[in-house]
Amino acid sequence: MAPRYKHVIVVGASAGIGAELVLQLAAAGSKVAALARREEPLKRLAAAHPGQVLPIVHDVTDFDSVPAVFESVAQQLGGCDLVIYSSGVMPTVGPAEFDFAKDRQMFEVNVLGGIAWLDAVAERFQSTGSGTIVMIGSVAGDRGRRGQPGYNASKAAVAAFAEALRNRLSGKGVTVTTVKPGPVQTELVAALGFKNAMPVADAAARIIRLAPSGREVYLKFSHRVIFAVIRLMPSWIFRHIPI
Amino acid sequence: MDLSPHSYIGPFRRLAGFGQTEFGDSRVCSPTSDDEVATILQTAAAQGRQVMLRGAGRSYGDASIAGETVAIRQDRMNRVLAWDPATGTLDVEGGITLEEIWRYVLPDGFWPPVVSGTMKTSVAGGLAMNIHGKNNWSQGTLGEHVDWMDIMLAGGEVRRLIPADPLFFQIISGFGLLGIILRARLRMKRIRSGSLQVVQRSVRNWQEQFDTFEEFQDRYEYIVSWVDGFHDGRGTFQAANHHPDDEPHTLHASAQELSPYLIGFYPKSRAWRTLRHFTNPTGMRLLSAAKYRAGRLTGSEKAAQMPLVAFHFPLDFVQDWERAYLPGGLLQFQVGLGRENAREVIPGLLARSQAAQLWPYLIVMKRHRPDPTLMSYLVDGYSIAMDFHRTDLNAAQLDQLFKEMTADVLAAGGKFYMAKDARLTADEAKQSLGEGPYHQFLATKRELDPTGLLVSALGARIGLCDIPSMLSSP
Ligand SMILES: Cc1cc2nc3c(=O)[nH]c(=O)nc-3n(C[C@H](O)[C@H](O)[C@H](O)COP(=O)(O)OP(=O)(O)OC[C@H]3O[C@@H](n4cnc5c(N)ncnc54)[C@H](O)[C@@H]3O)c2cc1C
Ligand SMILES: NC(=O)c1ccc[n+]([C@@H]2O[C@H](COP(=O)([O-])OP(=O)(O)OC[C@H]3O[C@@H](n4cnc5c(N)ncnc54)[C@H](OP(=O)(O)O)[C@@H]3O)[C@@H](O)[C@H]2O)c1
């Protein structure tokens with residue numbers, strides 16, 4: 001059977017969730033462009049699915065290049081009906097550390113790179129009246145936590161941006177989905193030693209299944225409930241919770 | 001239009017085949033002059049893009065789509081350049097539609113020599129596919145009524161071609177892959193009245209279908225038959241001639257307008273929504289039976305008068321009817337078969353689809369003669385066009401049926417009409433078109449467009465052009 005998405009671009013595909021998304025989409029028959037800075041892991045993805053994965057070296061903080069990169073990648077793929085933005089960084093930040101360089105890096109990769117991509121993609125999808133955008137946010141964006149101010153703020157920003165696009169593009173044939181994973185077993189959070197992090201294959205499969213929903217989604221029902229409560233919790237209570 | 005080298009060549013648009021089964025996103029531009037067309041070609045080439053020519057988008061499959069290309073639409077190059085009512089010669093730009101033409105020439109007592117079943121077709125698109133009408137047997141194809149054409153090659157050079165030029169009947173039928181048809185001089189047909197005299201006969205089986213065509217073919221200019229997809233060859237045959245008397249009052253667009261209502265009150269613009277309820281086997285079986293019954297009741301050999309537009313373009317009056325086939329769309333299978341085996345093969349195609357429980361919802365049969373083009377799809381024989389509703393559930397089965405019917409047609413030396421096709425492979429196309437013409441086409445393509453700038457999804461699918469992808473096909 002033909003895959004639901006024929007031509008997919010995954011930004012942030014050299015590791016973790018993005019790499020797994022590429023493998024699963026290619027296995028289902030999609031042609032996938034895999035973008036990130038590190039070439040070697042991208043080439044390994046391409047070797048795993050010959051003729052289906054197009055490895056492209058790209059740094060999302062090279063903001064001005066994004067529209068041209070996007071168009072050229074779509075041309076090389078032969079089309080584009082799904083773009084997933086999964087690039088993200090989360091440097092370790094000590095409990096008493098305030099480091100603008102780290103916060104800035106998170107904003108540049110997680111937020112500005114994401115906005116540069118979503119703007120370029122939204123413009124095209126709006127005028128073709130079709131297409132799906134998936135923005136990988138995080139449960140960490142639901143509240144400002146004591147441990148990760150910069151990361152939390154970056155994920156809150158992309159969630160708001162994606163929501164705004166979803167509202168703008170609703171009725172124009174374009175689907176915008178925000179995915180808010182909880183802990184997933186990837187390099188990003190390896191140092192944090194989460195006990196019940198979701199296996200990355202599981203997370204990717206759920207993201208692909210939820211891509212057409214056009215909503216803000218969590219990967220587990222329990223997260224939906226817990227984070228609904230957390231979002232409503234007054235700040236003076238929330239600050240005493242050790243997350 | 002901003003055409004500086006760094007400029008943005010038109011916005012992305014989703015282009016669909018008329019059948020709504022094939023899609024591609026292109027940057028679309030609508031130039032207004034030769035210079036603009038040349039600049040677009042040049043800019044696209046400089047930016048490493050390919051170019052696809054788009055007429056009115058009435059081809060059912062993927063003839064005028066190609067993802068990630070620059071699409072040149074000719075909707076703004078649609079002017080009448082000269083008209084001589086003394087001789088009936090009309091000079092037009094390629095983007096003009098058959099509708100715009102008939103509205104222009106009718107008051108002077110003329111009508112296009114060949115029209116398709118829709119009047120939305122553009123002249124350039126019609127020539128690229130070399131369209132035929134219900135009068136194909138007597139009048140040939142549109143391309144046979146052209147005195148000259150101006151074409152622009154991929155490199156920007158403009159040439160005027162006349163029928164004696166070897167390239168003339170390659171560009172006509174060239175699927176928009178060899179050059180851009182900018183302008184043409186067409187010979188219009190003189191008429192005295194805006195009406196036709198139409199006779200109708202209800203036919204009960206295949207034998208009667210073919211016999212009726214042969215009985216009428218030399219006495220009537222237009223011959224066509226509707227076949228009931230749920231039965232074995234029964235249907236309604238129609239033959240028509242232009243009304244011989246002078247009827248100046250009918251030579252006006254106003255005399256051709258049809259009522260915007262069905263049965264007196266139901267707006268035709270909404271009819272497709274109602275039709276949706278019938279786009280299923282039960283509904284269509286019912287409609288077909290009703291149509292056949294109506295044909296039996298009214299079928300009489302007595303000539304009835306009918307406005308030209310109503311006879312030629314009935315489908316255009318059910319606005320957006322193709323939308324009744326959404327979301328899956330509509331696949332048409334139109335093939336030409338020689339007289340010697342049409343009587344056997346055509347009934348076999350319908351039997352095959354019925355056996356697969358994939359009933360065509362509309363079938364039209366016509367009588368044809370060969371034409372002088374390189375990529376000809378017409379033979380001395382018959383064509384049958386079968387419309388199939390595609391759904392998520394039947395898509396794979398339908399593809400399988402098309403494979404089998406294609407094999408039947410190839411075995412009988414039949415031809416495929418690329419304006420309707422969406423499934424033929426390069427090998428199948430080569431077999432049907434013939435090795436000789438196929439290789440000649442490729443040689444002409446290399447000569448006229450050495451960098452392979454002009455493409456279409458159809459062309460790439462049947463191996464007549466190349467759309468390079470960094471990825472090989474899975
Ligand atoms: C309801 C209906 C009934 C029809 N009935 C008939 C019929 O009776 N007989 C028949 O023959 N066909 C019929 N057709 C098919 C239709 O006439 C053809 O597909 C025709 O080619 C459509 O022309 P277009 O202007 O829409 O061009 P498109 O479909 O947009 O393009 C057709 C081809 O022309 C090329 N092209 C476009 N512009 C140029 C240019 N300037 N220079 C060179 N190439 C160009 C394109 O690349 C493409 O290959 C019917 C279609 C419909 C929807
Ligand atoms: N893992 C979790 O628990 C979890 C939970 C919630 C949300 N998320 C989010 O999910 C997304 C993916 O995370 P992950 O866990 O898969 O992380 P990961 O394994 O560290 O992968 C991150 C990806 O982002 C890419 N990237 C980083 N900087 C980039 C840049 N400047 N330009 C281009 N690409 C860049 C990396 O590629 P290069 O380094 O090769 O450029 C890598 O492919 C992130 O947005 C993350 O915030 C993760």
Side-chain angles (χ1 to χ4, degrees), chain A residues 1-9 22 25-35 42-43 45-57 64 67-83 120-132 172-174, chain B residues 5-16 20-29 44-45 47-52 62 65-71 326-329 390-400 422-423 455-457 460-461 465-474:
Chain A
M1 217 179 80
R4 175 191 272 271
Y5 301 108
K6 283 194 188 150
H7 304 107
V8 185
I9 297 178
V22 171
L25 286 160
S30 302
K31 291 187 174 183
V32 193
L35 280 66
L42 297 179
K43 280 189 172 161
L45 296 175
H49 291 278
Q52 279 191 253
V53 177
L54 181 67
I56 305 275
V57 174
D64 292 343
V69 169
F70 170 47
E71 188 154 349
S72 141
V73 171
Q75 189 181 348
Q76 292 175 60
L77 274 183
C80 176
D81 40 26
L82 169 64
V83 175
V121 176
E123 183 179 17
R124 169 175 169 153
F125 284 180
Q126 167 174 262
S127 59
T128 59
S130 66
T132 300
K172 293 192 174 170
V174 185
Chain B
H6 304 291
S7 82
Y8 171 87
I9 308 194
F12 267 104
R13 293 277 178 256
R14 168 141 298 198
L15 300 178
Q20 312 278 324
T21 60
E22 316 298 314
F23 302 90
D25 299 337
S26 298
R27 285 198 177 273
V28 180
C29 359
Q47 294 180 350
R49 302 171 196 266
Q50 292 180 302
V51 172
M52 192 268 304
D62 52 3
I65 57 183
E68 309 306 312
T69 53
V70 172
L326 287 176
R390 181 171 168 275
T391 64
D392 275 353
L393 286 179
N394 78 8
Q397 250 187 308
L398 206 51
D399 284 351
Q400 179 57 29
R423 290 291 177 267
V455 297
S456 70
R461 177 165 55 79
C465 67
D466 191 24
I467 303 181
S469 160
M470 297 302 286
L471 298 170
S472 56
S473 291

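Residue numbers start from 1 in every chain, and the chains themselves are labelled A, B, ... in the order their sequence lines are given, proteins ahead of strands.
Among residues two or more places apart in sequence or in another chain, the salt bridge (Lys or Arg N to Asp or Glu O under 4.0 Å) test is passed with B/Asp466 by none. Here B/Asp62 pairs with B/Arg461 under the salt bridge (Lys or Arg N to Asp or Glu O under 4.0 Å) rule; sequence neighbours left out.
One distance of note links CD of B/Gln50 with CD of A/Gln75; it measures 7.5 Å at 0.5 Å rounding. Separating the CD atom in B/Gln47 from the OG atom in A/Ser72 is a distance of 12.0 Å, to the nearest 0.5 Å. How far CD of A/Glu71 is from CZ of B/Arg49: 4.0 Å, rounded to the nearest 0.5 Å.
The closest donor-acceptor contact from the side chain of A/Thr128 to the backbone of B/Arg13 lies at 3.5 Å or more, if one exists at all.
Looking at every heavy atom in both residues, B/Ser469 comes nearest to A/Leu77 through OG-O, 4.3 Å.
In terms of heavy-atom pairs under 4.5 Å with chain B, the best-connected choice from A/Ala33, A/Gly129, A/Ser130 is A/Ser130.
A salt bridge is absent between A/Lys6 and B/Glu22: the closest approach of a Lys/Arg side-chain nitrogen to an acidic carboxylate oxygen does not fall below 4.0 angstrom.
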